[in-house]
Amino acid sequence: MTASPPSGRSSATASPTNQPIWLLTALLLLGAGLRITLLTNDRFHADEALFGMLAHLIATGQDPLLANTSLLVDKPPLFFYTLSLGAAMGWYHEFTLRLPSLAAGLLSIALTMRLSHRVWHSRAATGVAGLVMTLSPFSILFGVAVFSDSLLLLWLLAALAAASERRWLLAGVALGCAIATKQAGLLFLPLLLSLGLIQAAQAGENLGQLMSKVAPMALGPLAFMLLMIAWDFARGDAPSFWTAGVAFNDPGRLIRYGELGPRVSGWLFWSRYLLGSNILTGMLLLGAAALALHPRSRVDRRRRSHILLLLSFTLTYMALVSLIAFPLFDRYLLPLTAILALLAGALIAQTERAPAWRATGVALLLVTVRPAAGAALQGDIPIGGDHGALDGIDLIAAYLEDQPVGSVVYHQSLGWHLAFYTFDDYLFTYALADPVDLYENLLVFGDDPIPRFLLLSRFDGQQELLAAVDAAGMEADLQLQTYDRRGQASFWLYRLRPLTSRLSESERIRYARIRHRIPTPL
């Protein structure tokens with residue numbers, strides 16, 4: 001005798017995915033193969049270097065609560081503690097810190113397939129959704145980037161999958177994990193609740209039954225909010241991550257007149273990499289809208305409800321990030337990859353009785369997304385990590401590692417990188433406000449025997465800074481120059497030394513007066 005499904009869930013919901021295990025295995029292996037090749041390609045983006053440094057402070061026990069660091073802590077704690085698992089593996093390398101994102105990306109493929117099966121009940125839809133998540137440039141490149149967004153997407157998909165099965169407590173715990181990874185997880189609460197309500201309504205539950213089952217979902221976010229407050233309190237006088245997050249990420253205003261056009265243009269630039277083409281993305285959204293809204297479309301009520309929900313959330317989300325003056329960060333679009341994957345599955349699910357249309361749809365998808373995936377592997381798509389702009393920073397760090405303790409390194413924009421790549425080298429890094437800052441500092445401290453270096457990148461005002469060194473009576477002796485993968489110079493490291501050994505007596509006296517702020521006699 002076959003056991004009946006658990007109470008409150010239909011047999012369809014309780015059943016396994018019915019998706020051939022070979023397809024799931026093949027997509028996960030393909031996804032892993034595409035991403036593993038990128039694990040050691042790039043140096044860290046500035047934010048990745050910051051997050052990596054904070055993870056190392058936790059993993060090494062130097063600052064387990066991030067209470068004593070001067071670095072920016074503007075994300076919830078679960079993100080940093082998850083990264084610290086990679087840092088705890090040792091090797092002090094980008095490779096291990098990228099492993100949590102790699103795992104999150106692969107699990108997101110599996111969760112998207114599971115969610116697709118729950119809402120569309122179609123093997124073909126499940127396979128196409130998994131294929132989109134496997135090949136999307138966004139999914140590939142953020143699957144090896146040390147940002148919170150890949151982990152956020154993992155927890156959101158877990159929450160949505162649980163809600164689609166009306167496992168409310170599990171959905172709440174997953175949503176709590178999402179919020180504890182990145183504050184933006186709160187934005188997805190309406191989507192989660194709506195999906196669960198649709199599933200419950202289709203099961204024929206009345207309002208009283210529904211509320212009694214939905215209530216446990218609030219326990220997860222509430223528990224994690226209390227844990228985050230306790231963590232913030234335990235950090236003592238350190239700035240709250242809530243305050244830092246608002247100060248550095250929340251613009252606190254709507255866009256101004258004239259900003260809408262450039263912002264839409266910016267989002268369109270990033271969105272082309274969701275599926276490899278804005279044309280395909282537009283066709284997918286229009287096709288899904290036609291499927292849900294056209295009175296003659298042969299889509300059942302259950303699928304129609306889910307399509308409308310996904311479309312509504314997409315439009316609301318894009319309106320939010322467009323009309324509020326948030327920065328135009330590519331990573332904000334990562335959650336839309338999963339939504340587009342689900343919508344692609346919905347369109348394929350409607351071709352069950354039209355094999356020719358199904359083959360055409362899959363072929364169109366592959367023709368567009370596969371080349372984009374190849375471009376992502378070649379580093380030709382400017383999303384996610386660094387893609388070569390910081391090639392050579394590891395060589396600079398290796399050189400500085402051999403310098404005496406307390407050596408000073410002046411820089412303009414590489415503080416987080418130096419914090420990460422020179423971890424435990426006991427160097428003193430000095431962030432320059434402008435060339436005048438360097439000039440004044442060298443006037444006061446240039447004669448000290450401590451070695452002093454000036455690190456310049458291609459983005460710094462090199463001529464002005466070198467002129468400031470010269471004006472302070474110092475010489476800049478080039479120690480190391482690095483090049484990126486395209487053969488362009490990326491970094492210059494100069495050793496700064498006083499010029500007194502090369503000056504005449506009168507010149508030494510003149511520079512001495514300048515350096516010690518002694519007025520020159522008339």
Side-chain angles (χ1 to χ4, degrees), residues 45-48 50-51 72-76 79 136-139 141-142 145 147-153 156 175 178-179 181-194 239-286 288-289 293 308-340 343 381-387 389 413 416 459:
H45 175 284
D47 288 347
E48 291 179 290
L50 169 65
F51 301 148
L72 175 65
V73 180
D74 67 340
K75 296 289 185 293
F79 171 54
S136 166
F138 260 82
S139 182
L141 293 174
F142 280 101
F147 294 110
S148 57
D149 302 81
S150 295
L151 295 163
L152 170 67
L153 180 58
L156 290 174
L175 179 62
I179 298 170
T181 297
K182 189 174 183 177
Q183 299 94 319
L186 285 168
L187 299 176
F188 296 85
L189 179 59
L191 177 63
L192 179 64
L193 282 174
S194 300
S240 168
F241 76 89
W242 292 105
T243 304
V246 170
F248 287 91
N249 300 290
D250 185 359
R253 67 175 179 86
L254 296 176
I255 60 173
R256 299 187 179 96
Y257 176 77
E259 290 182 330
L260 181 59
R263 289 183 68 81
V264 170
S265 227
W267 289 128
L268 286 174
F269 174 81
W270 295 126
S271 66
R272 74 177 74 176
Y273 303 119
L274 288 168
L275 298 179
S277 166
N278 275 332
I279 295 177
L280 179 61
T281 302
M283 290 173 58
L284 177 58
L285 293 174
L286 289 175
L293 298 175
L308 286 174
L309 172 62
L310 294 174
L311 287 173
S312 300
F313 178 80
T314 300
L315 293 175
T316 304
Y317 183 80
M318 288 310 303
L320 181 67
V321 297
S322 296
L323 298 179
I324 299 178
F326 291 118
L328 294 175
F329 289 149
D330 53 358
R331 50 189 178 269
Y332 290 171
L333 296 186
L334 180 62
L336 298 186
T337 307
I339 292 180
L340 292 176
L343 290 175
I381 290 182
I383 61 172
D386 165 65
H387 303 308
S413 57
W416 291 347
F459 308 108

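Note: hydrogens, waters and symmetry copies are ignored here, and every other heavy atom, side chains too, is used.
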Over all heavy atoms of both residues, which pair between [X] and [Y] is shortest? Give the atoms and the distance, please.
| X | Y | result |
| --- | --- | --- |
| Phe269 | Pro382 | CZ-CG, 4.0 Å |
| Leu187 | Tyr317 | CD1-CE1, 4.4 Å |
| Lys75 | Ser148 | CE-OG, 3.8 Å |
| Leu152 | Ala184 | CD2-CB, 4.5 Å |
| Gln183 | Asp74 | NE2-O, 3.2 Å |
| Pro327 | Trp267 | O-CH2, 3.9 Å |

Measuring only between side-chain heavy atoms, which start at C-beta, is [X] closer than 4.5 Å to [Y]?
| X | Y | answer |
| --- | --- | --- |
| Val264 | Leu268 | yes |
| Ile255 | Ile324 | no |
| Leu285 | Leu340 | yes |
| His387 | Leu141 | yes |
| Arg331 | Ile383 | no |
| Leu293 | Leu308 | yes |

Short side-chain to backbone donor-acceptor contact, [X] and [Y], under 3.5 Å:
| X | Y | result |
| --- | --- | --- |
| Arg263 | Val321 | yes |
| Thr337 | Leu334 | yes |
| Ser150 | Phe142 | yes |
| Thr243 | Pro239 | no |
| Trp242 | Pro76 | no |

Calculate, to the nearest 0.5 Å, the distance between atoms [atom1] and [atom2] belonging to [X] and [Y] respectively.
| X | Y | atom1 | atom2 | answer |
| --- | --- | --- | --- | --- |
| Tyr273 | Thr281 | OH | OG1 | 12.5 Å |
| Asp386 | His45 | CG | NE2 | 8.0 Å |
| Leu284 | Asn278 | CG | CG | 12.0 Å |
| Leu275 | Ser139 | CG | OG | 11.0 Å |
| Phe138 | Asp330 | CZ | CG | 5.5 Å |
| Ile339 | Leu311 | CD1 | CG | 9.5 Å |

- Message: Can you confirm whether more than 12 heavy atoms, excluding those of Ile279, are under 6.0 Å from its CD1 atom?
- Response: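 Not more than 12 within 6.0 Å, no.
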
- Hey, can you tell me if Phe326 and Tyr332 have their rings parallel, tilted or perpendicular (30° and 60° cut-offs)? perpendicular

- Parallel, tilted or perpendicular for Phe147 and Phe51, by the 30°/60° rule? perpendicular

